[in-house]
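Atom set for the values below is all heavy atoms of this structure, side chains included, hydrogens, waters and symmetry mates excluded. The residues of the chain are indexed from 1 along the displayed sequence.
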Amino acid sequence: MRRLGIHSFVWTGGQTQEGLEMALDKSAEHGYRMIEFAYLRPELFDLDRLARKAQDLDIDIVVTMGLPADADVSSQDASVVQKGTAILADAVKVVRDIGGIRLGGIPYSMHGKYDSMPTREGWMNSAGAIAATADVAKDCGVELVLEVVNRFESNLLNTTAQGLKFIEDTGRDDVYLHLDTFHMNIEEASPADAIRLAGDKCRYFHFNENYRGFLGTGTIDFPSIFAALVDIGYDDRDIVFESFSSAIVDEALSRVCGIWRDTWDDNNPLAAHAHQFITQRWAEAVMRRDVNETA
Ligand code: MN
């Protein structure tokens, strides 16, 4: 892997400048070289100051987001799609202004439980909006990745196969997939096969336990995940640890992700453990691959 990162919600709900700065410090203290922020409203934060602080700490910034229902680019209503497309362009510019490298998450859809089937027209509207966003991202030097999520958080891209088809329909070769063990565990017959299918198109990866708590204490089959990642040559790409607990609350994200209880109450051992878990197992998987290749 290139860099190992951590989601800022391990440290803070992200409502204040002080909270985000503390999250940067805590991430660095635990040896992480990347942090993920949820979408930041630029009027509430000093983006320059955050950019400088991240640079001083040698931490890369990634931002992830989803769209609200009234700006869902997979809608069949042109005005709703237009509103979403404008939000995405602004989001890309915020990533640029905070010195970030990547925008991910669910820019292609509302983030939440749909009560309707996806439509062909909505799919193509979304593909068009993502193509337009990719243009802005290219100008801003920001990489655009689409997180494939479970059925309760979007009705559009629930599997790697769908994600690859969608990227094809954007007509872009600079839009990539963002995979997540938590979501794949719900949707994919084989998460490891899904990683291999994504191959070079997977440019960002979330490590999550099946219940979003301590890695290795749940049902995710991590050995097969590490093996698949080293198989696709993930060495030059980034991994981020994501974990949510009601100990840290962001009103909007906690509700949409269904974070109703404490999966942990102390984030320090959680972050320390995840860093060690991923670093050590990644190194072991690489060693195993190299041994097999020379055998
Ligand atoms: Mn995720």
Side-chain angles (χ1 to χ4, degrees), residues 1 5-10 36 38-39 62-67 72 74 102-114 117-118 123 126 130 144-167 175-199 201-229 232 234 237-245 250 252-261 263 274 277-278:
M1 94 187 102
I6 187 165
H7 199 290
S8 56
F9 281 21
V10 168
E36 181 171 320
Y39 176 68
V62 171
V63 175
T64 52
M65 65 178 294
L67 291 166
D72 178 358
S74 73
R102 180 177 296 126
L103 179 68
I106 318 168
Y108 57 82
S109 161
M110 175 185 87
H111 187 193
K113 168 80 166 67
Y114 279 78
M117 295 291 286
W123 170 286
S126 175
I130 290 300
L144 186 59
V145 295
L146 312 177
E147 185 169 19
V148 176
V149 297
N150 76 78
R151 63 192 69 187
F152 304 109
E153 296 185 43
S154 173
N155 68 359
L156 212 65
L157 305 183
N158 299 144
T159 67
T160 289
Q162 289 175 317
L164 291 172
K165 180 71 179 72
F166 182 85
I167 287 174
V175 175
Y176 300 98
L177 293 183
H178 161 186
L179 300 182
D180 178 315
T181 55
F182 169 82
H183 297 296
M184 289 194 293
N185 177 61
I186 294 172
E187 299 296 342
E188 303 281 4
S190 163
D193 286 351
I195 292 168
R196 290 192 177 87
L197 180 65
K201 285 291 178 190
C202 178
R203 292 283 281 260
Y204 194 52
F205 198 89
H206 275 167
F207 264 78
N208 261 292
E209 194 42 275
N210 70 296
Y211 70 106
R212 299 233 195 234
F214 269 75
L215 295 179
T217 61
T219 61
I220 300 289
D221 179 25
F222 285 110
S224 71
I225 300 288
F226 282 102
L229 285 172
I232 66 167
Y234 202 77
R237 289 162 265 169
D238 304 318
I239 288 175
V240 162
F241 169 56
E242 188 174 51
S243 180
F244 300 120
S245 169
D250 167 80
L253 197 80
S254 294
R255 206 183 304 139
V256 78
C257 292
I259 312 304
W260 312 129
R261 62 192 171 86
T263 52
F277 184 94
I278 296 172

Trainee: Shortest non-hydrogen contact from N208 to I220?
Mentor: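 Distance-wise, the nearest heavy atoms are O-CG1, 3.7 Å.
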Trainee: State which residues pass salt bridge (charged side-chain N to carboxylate O under 4.0 Å, His left out) with K113; sequence neighbours excluded, sorted by chain then number.
Mentor: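 Per chain and number, K113 pairs via salt bridge (charged side-chain N to carboxylate O under 4.0 Å, His left out) with no residue.
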Trainee: For R203, enumerate each residue passing the salt bridge (charged side-chain N to carboxylate O under 4.0 Å, His left out) test, keeping only those at least two apart in sequence or located in another chain.
Mentor: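 Once residues adjacent in sequence are excluded, the partners of R203 under the salt bridge (charged side-chain N to carboxylate O under 4.0 Å, His left out) criterion are E143.
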Trainee: L144 and I130: side chain to side chain contact (heavy atoms under 4.5 Å, CB included), yes or no, with the steps?
Mentor: CA-CA 9 Å; L144 186 59; I130 290 300; 4.0 Å; yes
Trainee: Would you please name every residue forming a side-chain contact (heavy atoms from CB on, under 4.5 Å) with A252, sequence neighbours left out?
Mentor: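 If we apply the side-chain contact (heavy atoms from CB on, under 4.5 Å) test to A252, skipping adjacent residues, the hits are D250.
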Trainee: Suppose the criterion is salt bridge (charged side-chain N to carboxylate O under 4.0 Å, His left out): which pairs have a residue in residues 149-162, not counting sequence neighbours?
Mentor: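 Sorted pair list: R151-E187, E153-R212.
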Trainee: Checking E209 side chain against G216 main chain: does a donor-acceptor pair fall under 3.5 Å?
Mentor: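 Yes.
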Trainee: So which heavy atom on G112 is nearest to which on V256, and how close?
Mentor: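 Scanning both residues completely, I find the closest heavy atoms to be CA-CG2, 3.6 Å.
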Trainee: Would you check if S74 and Y114 make a side-chain contact, meaning some heavy-atom pair closer than 4.5 Å?
Mentor: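 Yes. Closest side-chain heavy atoms under 4.5 Å.
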Trainee: Closest approach of S154 and I106, non-hydrogen atoms and distance?
Mentor: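 Of all heavy-atom pairs spanning S154 and I106, the closest is CB-CG2, 4.4 Å.
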Trainee: Is there a side-chain contact between S109 and L157 (heavy atoms, below 4.5 Å)?
Mentor: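 Counting from C-beta outward, S109 and L157 never come under 4.5 Å.
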Trainee: Mind checking ring-ring contact (aromatic ring centres under 6.0 Å, His included) for H183 and listing every partner two or more places apart, or none if nothing turns up?
Mentor: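 H183 satisfies ring-ring contact (aromatic ring centres under 6.0 Å, His included) with no residue once adjacent residues are dropped.
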Trainee: Between F277 and F226, how do the two ring planes meet: parallel, tilted or perpendicular, split at 30° and 60°?
Mentor: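 Geometry flag for F226 against F277: tilted rings.
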Trainee: Test of understanding: with salt bridge (charged side-chain N to carboxylate O under 4.0 Å, His left out), list the residues that count as partners of D180, not counting sequence neighbours.
Mentor: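 Partners of D180 by the salt bridge (charged side-chain N to carboxylate O under 4.0 Å, His left out) criterion come out as none, since no residue qualifies.
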Trainee: I'd like to check the ring-ring contact (aromatic ring centres under 6.0 Å, His included) partners of F205; sequence neighbours left out, ordered by chain and number.
Mentor: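 Counting only residues at least two positions away or on another chain, F205 forms a ring-ring contact (aromatic ring centres under 6.0 Å, His included) with F207.
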Trainee: side-chain contact (heavy atoms from CB on, under 4.5 Å) with A198: which residues, sequence neighbours excluded?
Mentor: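 Only T160, L177, L179, C202 meet the side-chain contact (heavy atoms from CB on, under 4.5 Å) criterion with A198.
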Trainee: Can you see whether Y211 engages T219 through a side-chain donor-acceptor pair at a distance of less than 3.5 angstrom?
Mentor: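 No, because no side-chain N or O of Y211 sits under 3.5 Å from a partner of the opposite role on T219.
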Trainee: Could you work out, with side-chain contact (heavy atoms from CB on, under 4.5 Å) as the rule, every residue matching R255, not counting sequence neighbours?
Mentor: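 With neighbours one apart ignored, the set is E251, W260.
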Trainee: Any side-chain heavy-atom pair from R237 and Y176 closer than 4.5 angstrom?
Mentor: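 When only atoms from C-beta onward are counted, Y176 and R237 do not touch, as no gap falls below 4.5 Å.
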Trainee: Can you give me the closest heavy-atom contact between D238 and Y234, atom names plus distance?
Mentor: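 For D238 versus Y234, the nearest heavy atoms are O-OH, 2.6 Å.
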Trainee: Between E147 and Y108, is there a side-chain donor-acceptor contact under 3.5 Å, judged purely by atom types and distance?
Mentor: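 Their side chains do not contain a donor-acceptor pair, so the 3.5 Å distance test is not met.
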Trainee: Please examine the side chains of F182 and N150, heavy atoms only from C-beta on, and report whether any two atoms are closer than 4.5 Å.
Mentor: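 Yes, at least one pair of side-chain atoms sits under 4.5 Å.
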Trainee: Any donor-acceptor pair under 3.5 Å linking the side chain of T263 with the backbone of F244?
Mentor: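 It does hold such a pair.
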Trainee: Could you pull out all residues at least two apart from F152 that satisfy ring-ring contact (aromatic ring centres under 6.0 Å, His included)?
Mentor: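 Testing F152 for ring-ring contact (aromatic ring centres under 6.0 Å, His included), a comparison that skips the adjacent residues, returns none.
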Trainee: Check whether any side-chain heavy atom of L156 sits under 4.5 Å from a side-chain heavy atom of M110, and report yes or no.
Mentor: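 They are not in contact (no side-chain heavy atoms under 4.5 Å apart), so the answer is no.
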Trainee: List for me each residue that meets side-chain contact (heavy atoms from CB on, under 4.5 Å) alongside S254, sequence neighbours excluded, and say none if there are none.
Mentor: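 For S254, the residues satisfying side-chain contact (heavy atoms from CB on, under 4.5 Å) (neighbours in sequence not counted) are V249, I259.
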Trainee: Sequence neighbours excluded, which residues qualify as side chain to side chain donor-acceptor pair (under 3.5 Å) partners of S126?
Mentor: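 For S126, no residue satisfies side chain to side chain donor-acceptor pair (under 3.5 Å) once neighbours in sequence are set aside.
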Trainee: Where do C257 and H111 come nearest, in terms of heavy atoms and distance?
Mentor: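 Shortest heavy-atom separation between C257 and H111 comes out as SG-CE1, 3.9 Å.
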